[in-house]
Amino acid sequence: MTDNRSYRESTTYDRLVPKVKQRLESLPAFSPEEYKAFAGRLDNHFSQLFSLLFDIYGHQYDFYYHLEELLVLMGTAWFTRKRALKRRDLQRENKPYWYQSNQQVGAVCYVDLFAIDIKGIIDHIPYFKELGITYLHLMPLFDCPPEENDGGYAVSSFRKVNPSLGTIQDLQQLTDRLHEEGISLALDLVFNHTSNEHEWAQKALTGDPRFERFYFLFDDRILPDQYEHSLREIFPDEHPGAFTYLREQKKWVWTTFHSYQWDLNYQNQDVFNAMADEMLAIANLGADVIRLDAVPFIWKQMGTSCENLPLAHTLIRAFNAVCRIAAPSLLFKSEAIVHPDDVKSYIDMKECQISYNPLFMALLWNTMATREVNLLQAALIQRHQLPDGCAWVNYVRCHDDIGWTFADEDAAQLGINGFDHRRFLNAFYTGRFDGSFARGLPFQENLKTGDARISGTCASLAGLEFALQTNDQTEIEFAKRRVLLLHGLILTLGGMPLLYLGDELGVINDYSFTQDPGKAHDSRWVHRPQLSDAMREKRHDPDTIEHEIFTGLLKIINIRKQQAAFSGPDLQVIATENNHVIGFLRQADNQRLLVFANFSETSQPIAANIFRLYGLTYRFQNLLTQKILTLENLTLQPYELAILKALDADAIF
Ligand code: GLC
Ligand code: GLC
């Protein structure tokens with residue numbers, strides 16, 4: 001026995017393991033060697049798994065029954081895990097922090113919008129390689145309702161690929177090819193809800209008691225009303241509150257998001273097991289990272305907001321423990337777009353090893369609008385640090401809206417009123433604010449609370465769409481620089497940078513979604529355009545904006561990959577004392593790199609004495625322009641990103 005087990009844990013272990021072994025022995029895939037490997041991992045991590053599950057379900061009469069079922073399904077998954085994946089498990093055990101490396105560059109796309117189908121994605125591997133991509137997140141690709149499906153986030157089966165995208169075999173082929181090319185694959189586990197067409201929901205609809213307990217179904221409004229007292233409305237445009245009425249069944253069902261996305265009831269251990277089984281199936285397809293969708297919502301409790309509750313963390317940790325035993329190299333990426341303290345609460349080696357960095361993303365856009373780096377700088381000083389081993393996934397845009405999730409208390413310290421400031425940002429990014437360069441759309445504007453989020457592509461929000469309409473050459477130039485500056489920061493900050501494909505070409509908003517009844521009410525589709533080879537071909541034509549953005553971005557990607565100091569999470573903010581310029585220092589061994597970004601449309605100096613304060617009295621090379629400089633008189637051009645490498649760095653140490 002490798003861990004210190006309580007009496008309860010060890011008696012359970014001693015009683016359950018032989019039974020589980022016996023059941024596994026009857027499987028055709030059973031092999032004594034594989035069982036030994038599984039049993040070893042189980043032995044190592046049983047205590048963790050048991051205590052977490054006990055905290056959630058220990059009081060239920062059938063706890064031990066479900067625990068046994070879970071161990072059997074985990075063993076079964078292990079037996080079906082391919083040899084190549086088991087080799088990968090071992091490799092990653094030896095190199096566990098691969099996602100912190102400067103060699104890593106992530107990208108995300110919809111299969112259909114990028115390349116029609118999964119085979120198309122395989123054909124585009126050379127494009128990913130050209131961009132230096134080593135981590136590919138494919139947006140939900142499992143079976144979902146044909147019309148409205150929230151971009152695939154309403155899953156009807158986790159075992160079947162959406163037929164319009166291909167088959168499980170295609171997906172497996174893709175995974176193998178990506179792995180051969182050194183690209184890791186991230187897939188979603190949409191585990192807060194299923195679509196109403198999922199087999200579980202369908203069975204619940206017919207009154208099957210086992211599956212009715214998979215969801216939150218109510219005969220009347222008594223409990224829903226009580227819950228709603230303390231719930232936030234997530235998609236108020238679509239339906240008020242958090243529940244949907246099922247006419248035929250005369251019941252209410254919990255639907256945090258769309259009416260066709262039914263929240264799963266994790267108070268039922270059967271649901272935990274069922275989802276663990278789906279998760280391991282996805283892991284066994286070869287996913288390296290699972291994006292845990294909408295993590296804050298998975299545990300509900302009367303009288304609370306039903307977001308970020310302690311047992312939500314316990315649940316994720318229990319899923320994590322399942323992976324440590326049955327799919328050891330699998331990592332979790334958290335998707336929590338909430339208050340920064342809550343975002344951070346999911347990030348831990350025992351919970352989600354990596355996480356979207358929505359605060360940095362929102363503050364990048366905030367800084368673009370205000371031209372003032374105060375909030376961004378404060379956040380980098382106070383909120384950037386993560387537990388050992390963990391990493392941020394830094395992004396400029398993703399498939400979702402931008403929510404202004406900075407902390408009001410941080411803003412207040414700088415004399416900014418959070419509520420008013422969000423109103424300003426929404427006005428700015430919808431182009432309603434006088435002088436704004438941005439062309440975005442409001443998303444889920446809540447007239448009751450005055451709240452809204454923003455949709456729009458990176459290029460449109462950065463001013464390109466407006467500049468092209470007005471054919472203003474200076475504005476076009478500024479917009480390109482803004483796009484590169486934003487990406488330059490996510491590539492140098494530390495952690496996994498994640499490009500939203502299309503942005504590497506400066507693709508602007510696509511308003512055709514308004515013609516599609518399944519999409520018209522959801523403005524996020526404005527930044528989910530159909531991409532094509534013809535669009536991508538333009539990167540080769542030096543006269544195009546696509547070319548300038550693509551090559552500009554590639555240059556920064558290459559710099560990232562050449563400089564070891566861009567590995568790892570550590571960063572020191574350089575207080576530039578110029579509120580338009582953010583600056584930070586990255587270092588590793590004997591290498592020192594300085595990154596500066598000027599968020600304004602005028603040239604900005606940085607006083608020489610600033611650098612002396614930090615002991616940076618060396619010669620530097622600007623890696624983007626190759627120029628050699630001292631920091632006596634550093635002036636940044638409008639929207640300039642500067643990556644400076646200390647040339648005499650050896651002397652520093
Ligand atoms: C996540 C997804 C979003 C989806 C929601 C519901 O937030 O990113 O696109 O609408 O979950 O699944
Ligand atoms: C969830 C997500 C957030 C998004 C919303 C709709 O709340 O956490 O990213 O704003 O869904 O897209």
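Atoms within each ligand, like the ligands themselves, are counted from 1 in listed order. Here the structure is a predicted model, which means the values were calculated and not measured.
- The shortest heavy-atom distance from H258 to ligand 1 is not under 4.0 Å.
- Listed by atom number, the atoms of ligand 1 under 4.0 Å from D293 heavy atoms are 1 (C), 2 (C), 6 (C), 7 (O), 8 (O), 11 (O), 12 (O).
- Close approach of ligand 1 to E335 is summarised as follows: ligand atoms under 4.0 Å from at least one heavy atom of the residue are 1 (C), 7 (O), 8 (O).
- Both tests do not hold together for R383 against F406: distance to the six-membered ring centre under 6.0 Å, angle to the ring axis within 45°.
- Figure legend: cation-pi geometry between R536 and Y127, with NZ or CZ positioned under 6.0 Å from the six-membered ring centre and within 45° of its axis.
- Near R524, meaning under 4.0 Å from one of its heavy atoms, ligand 1 places the atoms 3 (C), 4 (C), 9 (O), 10 (O).
- F142 is linked by a ring-ring contact (aromatic ring centres under 6.0 Å, His included) to nothing, counting only residues two or more places apart in sequence or in another chain.
- Residue R291 touches ligand 1 through its side chain alone, judged by heavy-atom distances below 4.0 Å.
- Contact atoms of ligand 1 toward H193: 6 (C), 12 (O) (distance under 4.0 Å to a heavy atom of the residue).
- The closest non-hydrogen atom to atom 8 (O) of ligand 1, taken over V155, D522, D400, comes from D400.
- Geometric assessment of R453 against the ring of W404 yields a negative cation-pi assignment under the 6.0 Å and 45° thresholds.
- Heavy-atom contacts from other residues, nucleotides or ligands closer than 6.0 Å to CD of Q385 number 12 or fewer.
- Taking every non-hydrogen atom of Q261 and a distance limit under 4.0 Å, the qualifying atoms of ligand 1 come out as 6 (C), 12 (O).
- Only one option out of D400, D510, D401 pairs with R528 in a salt bridge (Lys or Arg N to Asp or Glu O under 4.0 Å); it is D400.
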> Given the rule in the side chain to side chain donor-acceptor pair (under 3.5 Å) test, do D143 and N162 qualify, once you have shown the distances and angles that lead to the verdict?
Replying inline: CA-CA 4 Å; D143 203 19; N162 178 345; 5.6 Å; no
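- Here's the thing with R528: none of its N/O atoms is less than 3.5 angstrom from an N/O atom of ligand 1.
- The distance from ligand 1 to the heavy atoms of F235 drops below 4.0 Å at these ligand atoms: 10 (O).
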